[in-house]
Q: 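This is the structure I want to talk about, given as structure tokens.
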There are 2 protein chains.
Amino acid sequence: MAGQRTLSGPCTAWPEDSAFIREVLDRIGDKWTVLVISTLGSGPLRYSDLQASVPGISQRMLTVTLKELERDGLATRTAYAEVPPRVVYELTDLGRSLQEAVLALAGWAASNHAAVAAHRKQHEATGVGRAATGAR
Amino acid sequence: MAGQRTLSGPCTAWPEDSAFIREVLDRIGDKWTVLVISTLGSGPLRYSDLQASVPGISQRMLTVTLKELERDGLATRTAYAEVPPRVVYELTDLGRSLQEAVLALAGWAASNHAAVAAHRKQHEATGVGRAATGAR
DNA sequence: CAGAATCCCCACGGATACTG
DNA sequence: CAGTATCCGTGGGGATTCTG
């Protein structure tokens, strides 16, 4: 009962947090969270400005994403009781720290984009095979 | 023509690589890539061991994931012409570098899991409201 | 053993319309 | 302006079956 620990899984690296880590990966993997976070990284923005600054995002997705960020303590929502209403979103320190972490990954992507592209090209030329000769 | 640059998008941060960055985020956001990479991080493994080491993964997903990794130059596939067949997968340097980058993110997750959980709990207690009084 | 092929479900997310 | 509610298409990915 003491020794084993099931071994060899990636789970051994992060025993109990693994579920939460997956959750984070899912979130940063979704289509908008990272975009919204990095947009808010430049400073507080109101809903409409946010929508304008993240080209292609729908109201639905912007709202959903913002709610998740707020819920997780990554961003704050401040509503001013005026008319017309004004709501401002801003990254928290926690949000900024996540942004930095993601930026590191983005850094990897930028640095290794060329290498990956090269491998893809080579792989295409090498193995994909079947496409050759048998045009049909 | 000089000044504008469309401004305010997250795109301004990573001008042309943005598409590729999304691609990387999508990949690390998918359900298995990170698990497989981190499992291979411990050393070369054959197909069946890999499947055993990543609990819950299906043949289909393991195969698909490995093909992507190979295609992108993140892992290598070595087949031994024996019977029964033996195929060994191993991370490349590129793959290891990605693993490190992802590990940084996992580190963030592990470090801030508690903070996020706390925010969620508080958020639940605070705003969710509606559940109270008006049971129906 | 390693994988390819097929079927199928359902959650992610886009478009649209309505509201405080 | 800042959302909410609804409908619906797409594809990620699980289960199963078959092959070299």
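FYI, side chains are in, hydrogens and waters are out, and symmetry mates aren't considered; it's all heavy atoms of this structure. So that the names make sense, note that chain A is the first sequence line, chain B the second, and so on, each numbered from 1.
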Q: Give a yes or no on whether a salt bridge exists between A/Arg46 and A/Glu82, defined as a side-chain N under 4.0 angstrom from a carboxylate O.
A: no
Q: Can you confirm whether B/Ser38 sits close enough to B/Val102 that some side-chain heavy atom of one is under 4.5 Å from a side-chain heavy atom of the other?
A: no
Q: Give the rounded distance in Å between these two atoms: CG of A/Leu62 and C1' of C/dA15.
A: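 Distance, rounded to whole Å: 15 Å.
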Q: Can you tell me if the side-chain N/O atoms of B/Lys67 get under 4.0 Å from OP1 or OP2 in C/dG3?
A: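 Negative; the distance criterion is not met.
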Q: Checking all strands, does B/Arg60 fall into the base, sugar-phosphate, or nothing category for heavy-atom contacts under 4.0 angstrom?
A: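 Answer is base: heavy atoms of B/Arg60 come under 4.0 Å of a base.
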Q: Examine D/dA2: is either OP1 or OP2 under 4.0 Å from a nitrogen or oxygen in the side chain of A/Arg46? Give yes or no.
A: yes
Q: In whole angstrom, give the distance that lies between atom CD of B/Glu82 and atom P of C/dG3.
A: 13 Å
Q: Using the C1' atoms of five pairs at each end, what's the angle between the two axes of the helix from C/dC1-D/dG20 to C/dG20-D/dC1, to 10 degrees?
A: 40°
Q: Would you kindly give the CD-to-P distance between B/Glu68 and D/dG11, to the nearest whole Å?
A: 15 Å
Q: So, do A/Asp72 and A/Arg27 sit near enough that their side-chain heavy atoms are less than 4.5 Å apart?
A: yes
Q: NE2 of A/His119 to CG of B/Leu74: how many Å apart, nearest 0.5 Å?
A: 8.0 Å
Q: When the distance from CD of A/Gln51 to P of C/dT16 is rounded to whole Å, what number comes out?
A: 13 Å
Q: Please give, in whole Å, the distance from D/dG11 C1' to B/Asp30 CG?
A: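 Distance, rounded to whole Å: 13 Å.
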Q: Check this one for me: any side-chain N or O of B/Trp32 less than 4.0 Å away from OP1 or OP2 of D/dG12?
A: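 B/Trp32 to D/dG12 OP1/OP2: no side-chain N or O under 4.0 Å.
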Q: Identify the heavy atoms of B/Gly95 and B/Ile37 that sit nearest to each other, and give their distance.
A: O-CG2, 4.2 Å
Q: Could you tell me how far apart B/Arg27 (CZ) and D/dG12 (P) are, to the nearest whole angstrom?
A: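 About 10 Å, once rounded to whole Å.
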Q: Counting side-chain heavy atoms from C-beta on, which of C/dC1, C/dG13, D/dG14 comes nearest to B/Met61?
A: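 The answer is D/dG14, which lies nearest to the side chain.
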Q: I need the CG-P distance between A/Asp49 and D/dG3, as an integer number of Å.
A: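 Going from CG in A/Asp49 over to P in D/dG3 covers 12 Å.
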Q: Indicate, with a heavy-atom threshold strictly under 4.0 Å, whether A/Thr63 touches base, sugar-phosphate, or nothing.
A: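 Counting heavy atoms under 4.0 Å across all strands, the contact made by A/Thr63 includes a base.
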Q: Which donor-acceptor pairs under 3.5 Å do the side chains of residues 62-70 of chain A make with protein atoms, sequence neighbours left out?
A:
from	atom 1	to	atom 2	distance (Å)
A/Thr63	OG1	A/Tyr47	OH	2.8
A/Thr63	OG1	A/Gln59	O	2.9
A/Thr65	OG1	A/Met61	O	2.6

Q: Ignoring backbone atoms, establish whether B/Ser58 has a side-chain N or O less than 4.0 Å from OP1 or OP2 of D/dG13.
A: no
Q: Where do A/Tyr89 and A/Leu40 come nearest, in terms of heavy atoms and distance?
A: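 Heavy-atom minimum between the residues: O-CD2, 3.5 Å.
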Q: Starting at atom OH of B/Tyr47, determine the distance to atom P of C/dG3, rounded to an integer number of angstrom.
A: 6 Å
Q: Identify whether any heavy atom of B/Tyr89 sits under 4.0 Å from a base atom; if not, whether one sits that close to sugar-phosphate; answer base, sugar-phosphate or nothing.
A: sugar-phosphate
Q: Checking contacts here: which listed nucleotide (D/dG14, C/dG14, D/dA2) is nearest the side-chain heavy atoms of B/Lys31?
A: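 Closest nucleotide to the B/Lys31 side chain: D/dG14.
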